[in-house]
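All remarks here apply to the structure that follows.
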Amino acid sequence: MNLDDTPEEADFRHRLRSWLHRTLPTLPPAPAADDWPARRAHDCAWQRALYEAGYAGLHWPCEAGGQGAGPLRHLILLEEAEQAGAPYVGAGFVGLLHAGPTIAAEGTAAQRARWLPPILRGEEVWCQGFSEPEAGSDLAALRTRAVRDGDSYLVTGSKIWTSHAQIADWCELLVRTDPSAPRHRGLSWLAMPMNAPGVTVRPLRTLAGSTEFAEVFLDEVRIPVSCRVGAENDGWRVSMVTLSFERGTAFAGEVVACRRTLGRLARAAQANGAWEDAVLRRRLGRLHAEFTALWRLVQANVSEAEHSWRSGESAVPGVGGSVFKLRYSHARQELYEAAAEVLGPLALDARRNWTADRLSALAYTIAAGTSQIQQNIIAERILGLPSGRWR
Amino acid sequence: MNLDDTPEEADFRHRLRSWLHRTLPTLPPAPAADDWPARRAHDCAWQRALYEAGYAGLHWPCEAGGQGAGPLRHLILLEEAEQAGAPYVGAGFVGLLHAGPTIAAEGTAAQRARWLPPILRGEEVWCQGFSEPEAGSDLAALRTRAVRDGDSYLVTGSKIWTSHAQIADWCELLVRTDPSAPRHRGLSWLAMPMNAPGVTVRPLRTLAGSTEFAEVFLDEVRIPVSCRVGAENDGWRVSMVTLSFERGTAFAGEVVACRRTLGRLARAAQANGAWEDAVLRRRLGRLHAEFTALWRLVQANVSEAEHSWRSGESAVPGVGGSVFKLRYSHARQELYEAAAEVLGPLALDARRNWTADRLSALAYTIAAGTSQIQQNIIAERILGLPSGRWR
Amino acid sequence: MDFRLTEDQRLLRSETRRLFTALFPRERLRQSVEAVGEDFDRALWRKLGDAGLFSLRLPERDGGAALALPEAVLLFEEAGRALLPGPLTATHLAAGLVPGAAEGTCVVTAVDRPGPAEHLATADALLLLDGPRPRLLPAAQLSGLLGALPDSTDSTDSIDPTTPLHLLPRLPPPDTTRPIPEAAASRLLLEATVLTAAQQLGSAGRTLEMAVDHAKVRTQFGRPIGAFQAVQHLCAQMLVRTELARAAVYAASLTALPPDVAAAKLLADEAAVRNARDCLQVHGGLGFTWEADVHLHLKRAWLRAAQWQTAARAETALAEELLADRRSVPPQTIVNPLGRNPERPANRQ
Amino acid sequence: MDFRLTEDQRLLRSETRRLFTALFPRERLRQSVEAVGEDFDRALWRKLGDAGLFSLRLPERDGGAALALPEAVLLFEEAGRALLPGPLTATHLAAGLVPGAAEGTCVVTAVDRPGPAEHLATADALLLLDGPRPRLLPAAQLSGLLGALPDSTDSTDSIDPTTPLHLLPRLPPPDTTRPIPEAAASRLLLEATVLTAAQQLGSAGRTLEMAVDHAKVRTQFGRPIGAFQAVQHLCAQMLVRTELARAAVYAASLTALPPDVAAAKLLADEAAVRNARDCLQVHGGLGFTWEADVHLHLKRAWLRAAQWQTAARAETALAEELLADRRSVPPQTIVNPLGRNPERPANRQ
């Protein structure tokens, strides 16, 4: 048990840190939150910079164009980038962290050659079309259907919660190809060009006022069969295979960011006098413990993942993922509630620091598995309690 | 909407208060907690005093020997008695608040004549034999069986959580008379003399170290059929009928007591310096709000009950009961956790004030319907949510 | 004692609900959400005035209904439920003190300390409750005050899209304001607190209703989500919070005693904020959209929780009460000044 | 970095569990619960000494295993799991400082401030960590201290039936004690805090296990109660608390940095207390009995939460750290003094 960098890790960290310090000051300022074309350009430029420095696809396998690094190396990248204030992965998220790895694992050689390099170079942006209005927590209930028509599928239905849909080139789509098969069966995974006729994107305004998400309406969209990754009706497994790439690093950068925010909150409280309030002070102290421990939990989970990866085991999401997600979602909300307490009445001003974060934090106990579902998973899959028949 | 005594209520309160102030100083000091014969004597003497002053069975119907007063009058009695520091009903609890009202409602004239007067006069003590080790939250699953043998039942099984079993004269018993009938059906209500051959009482030590409860083992105990109240196999309904006597006054005295405790806590904190801790101070302030509102909720529930009672409606346990019980159980635990905070390290000394109360408060979210069950009841019966099939 | 609504009070509540639904249906609410920076709806304000929302407690000879705080609380509960916009509490308090407030021809806002002031750019007067005697800043001085505010206090970035805010770094000096000698700020503050708590209560009740309605119809895993214990228990706790807050708010409207008022505000704030949060959780992603009304309740609840007595102030005051009063407000000695005392409307002529 | 247990550490843990189960099976636990006022089990203490629980971190030439704090934490986690009685932490810290402590022939207890002291009547020495240098009150003076205590500090009324307590109103003056110049109280305090947190972690893990085991077999309404979401979610939160505390405690054992130690104590205290509470709730009435072990875990958890850094102290210290350190202990600059630094055992010769 140790928390120290190996000499190789220290060397990697050192070189990375130097590069970040050289590179970040040369980046243009972040564009306005709702200027999506500018955000796309900004995020892609950052990905291009990573690519040129040899950091693109750090954790992707070498044969997919990546660097073949393990989870620990990936964690160092996330940690250092966040500490240095580097841009968030942004528009690159789905391509680099979901669609890309899926294609790398399940795609044909031709599919890999077509789709992976543009992701790594920051040239093509992907979005995700999994969720549907009627299939929220219950993803297996999705209804968008694809009917085979010669060398194509004709896809009709609608998707929701699709980030970056308005600027994406491709959409990884989960559709029902066998309407008679029950639930998880009968689904297929398709790569859909977002400029195909019949695709309509409607931005979805969140309660934070942002247009981060969109609804995507599909009206007989023609998608070549060659865009299907994996076998027909095997889409559930294909889409889940990427979860095995989740090697404990999800939200790792965010935890680093939360720890920095907490420090800023304490200094802001000191500056505005809120620090005099012992209740608030102890609340911030408790959050310090919380995020310190969450960071340790990340390190523990990534250490496990590194071990599995080195052993060549197909990493299955372990104890760590759900446990971490459940607690982190809650802690993040607590953090921004404490921020509102530090701000006092200024928390009612939407332009203040932390106000938008307070609002967007509300999604954390809902998105990517509600806290209720996470608790079911922990109880049944980890603790082995009998099934509550909730699915 | 008003919170003021009517002239009649004010008069009743005034006379009661005078009597309490005259009478309480004449009572002997409370006996040691584990001296059960002395506690019986003490509790019965207090009941006798109430009887002689005309306050016994205040809320019982006149035809059952009571005073025929409504819930509001009963609330005044509970409030004034607690404020004056009068003894708790103690050993009289089951007789006065459950078995007695059940007999009054469902018993024959002979049964009422036999059992009710000694309860009111503090001469006979009752205990309750409903729960069983395998039937906790799920009371309908109980197994103790009664086999008809001529003019008697032969009862075999065991009961648990029976308060005052070691000093009781009678036990109200719920037994299975038809083993083939499902769950709620096939149960009967019997009055069992505790000195009958085959009855064995084993005190059950709680985590607070007290012997408040007992297990009662029944080995072919012969109980005359004349001791059955209500029809054979109708025991579930008979035992539930008393719930309609629960007119919002359950725990009302305890809320008054909690408010007094809270005031004492604040003064103790001021005396020992804990008051300097702003976190603790605000915690006590919050508890003040909590118990203030709980008392208002009692007043609201009792006002509703008074109205039903005056209209002659058979009072069904309404919104109030479960809502109040759920929140009060939690608040009581919070109160004694705050007490431990006031005591600081002295909370580790079992002899200090509040330490035993802290331990016994742990039972509140379990006994008389766990908090989980209370929430189910609220969700399904009050809010009308679909059944979760938890029963 | 009869701590139930009277028949008249029940009728008042149901009539008020009907009226508010007619005056301010959901479409109007959504219009007002999108109408950022647009004019305040003075027509609605006058209709609320006609309905007696502001004049309710004035004597009949002054055009009021001679009712008391408990009735006002019932109306404000409905206002919170309907998310009625505007400085309702301040204008209600100003009835009888500021001409036109009772009728809704005048819009009055109020503050008791530096910080956010709602609808300041619209208001015809600002009521200041920062000392023992209330004081008034009339419209003419108000525009001067607005002009002197730094840019960063521009009204359009209130977190609540239906309540424009200005952040006042300090209150206007006494020489710019007119004192109102006949009224006591402490009493107005208690009333403002109770009426704000009443709106929180109404909002809490509404988000509970929204959560339950959604849980009955939304299906996941082949069942209505309301059949899952996790959702059931969320909803059950929402009801508990609402009913506890209700008991506290109604009692405070009867006694107007500081501990009752503080308890009412603390518990109603908590009920409104936490119920809105839980309502959002029950709605899942659908509740996270701008189109859903959940966030409007949450944001208004945050805003009201920051007004008058905050949680920190209420808890601190309640703690002090524990030491001040040996018997911590023994229930049986409570008198009912507002319910019984006929002098109050007279005070306000 | 490899924040997993090594093969050796895994083995150490499983061997320790086996050993503690053999030395202190449940029957012995229950005997010790009923043995109020009876003699301390010195035979068990010597066996724990033989097993290396106290000498673990001493150099091999002093009879130790030359292991470090992480290994000690694994042993103390198992001790907390098994509810081993006695002043384990103090005697472990005293190894190398007080003759016989390492071997378990001497029983050492410790305090850092006035308040409860565990096993004072049994102890052969009292370690005082109230200043920069530790000091020691030997057996002879101890009996004098006990004689001088008021009646109300009699040991038999500890809330934890397996841990007799005396409440020390003040600590012995310096002229009655012997300073230990070669050791730093601040370091011993950090270690005591981590080792106490480790016991809390072990207890939290055990009550989680008890709750899950019970939920699998206890049926109500025709199903195992573990199939009800309400019970499932209680258990899930117990696991989350345990795993978060585990990460914090193990990290603190590696870094021994004050913020890591404070976080470990805070989260492990919370995990132990709240898991015991939830375990009781899952057990229902059956958990409320003296015969069930749940209350022993709860009471010991309360006791340990009051030792060394309480929640109030930990939170306050962590808050100060936020201001002190601009980057709040950036993970990548962490060094590992105890894991790497070979000088510590030498310090203790």
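In what follows, chains carry the letters A, B, and so on, assigned in the order in which the sequence lines appear, proteins first and then strands, with residues in each chain numbered from 1.
Contact annotation for B:Leu297: both backbone and side-chain heavy atoms come within less than 4.5 Å of a heavy atom of chain C. Proximity to chain B is absent for every atom of C:Ile225, based on heavy atoms less than 4.5 angstrom apart. Contact of C:Leu244 with chain B is made through backbone and side chain together, with heavy-atom distances under 4.5 Å. When heavy atoms are compared at a cutoff of 4.5 Å, B:Gln374 does not approach chain C at all. Both the backbone and the side chain of C:Arg241 come within less than 4.5 Å of a heavy atom of chain B. The contact between B:Leu383 and chain C is made by backbone and side chain atoms together, counting heavy-atom distances below 4.5 Å. Both the backbone and the side chain of B:Thr6 come within contact range of chain C, judged by heavy atoms closer than 4.5 Å. For C:Ala262, no part sits under 4.5 Å from any heavy atom of chain B, backbone or side chain. Heavy atoms of B:Glu306 lying under 4.5 Å from chain C are absent altogether. Heavy atoms closer than 4.5 Å to chain C are found in the side chain of B:Leu75, but not in its backbone. Within the 4.5 angstrom heavy-atom criterion, no atom of C:Glu209 approaches chain B.
B:Glu254 and B:Tyr364 share a donor-acceptor pair across their side chains, judged by distance under 3.5 Å alone. No hydrogens or angles considered: nothing links the side chains of C:Thr207 and C:His297 as a donor-acceptor pair under 3.5 Å.
Of all heavy-atom pairs spanning C:Gln199 and C:Thr89, the tightest one is NE2-OG1, 3.0 Å.
Because its NZ or CZ atom is not both nearer than 6.0 Å to the ring centre of C:Phe3 and within 45° of the ring axis, B:Arg296 does not count as a cation-pi partner of that residue. Taking the ring axis of C:Phe228 as reference, the NZ or CZ atom of C:Arg223 stays within 45° of it and closer than 6.0 Å to the ring centre.
Among the candidates B:Arg281, B:Gln270, B:His307, the residue making the largest number of heavy-atom pairs closer than 4.5 Å to chain C is B:His307.
The OH atom of B:Tyr328 sits 11.5 Å away from atom CH2 of B:Trp295, with the distance rounded to the nearest 0.5 Å.
A distance below 6.0 Å separates the ring centres of C:His92 and C:Phe76.
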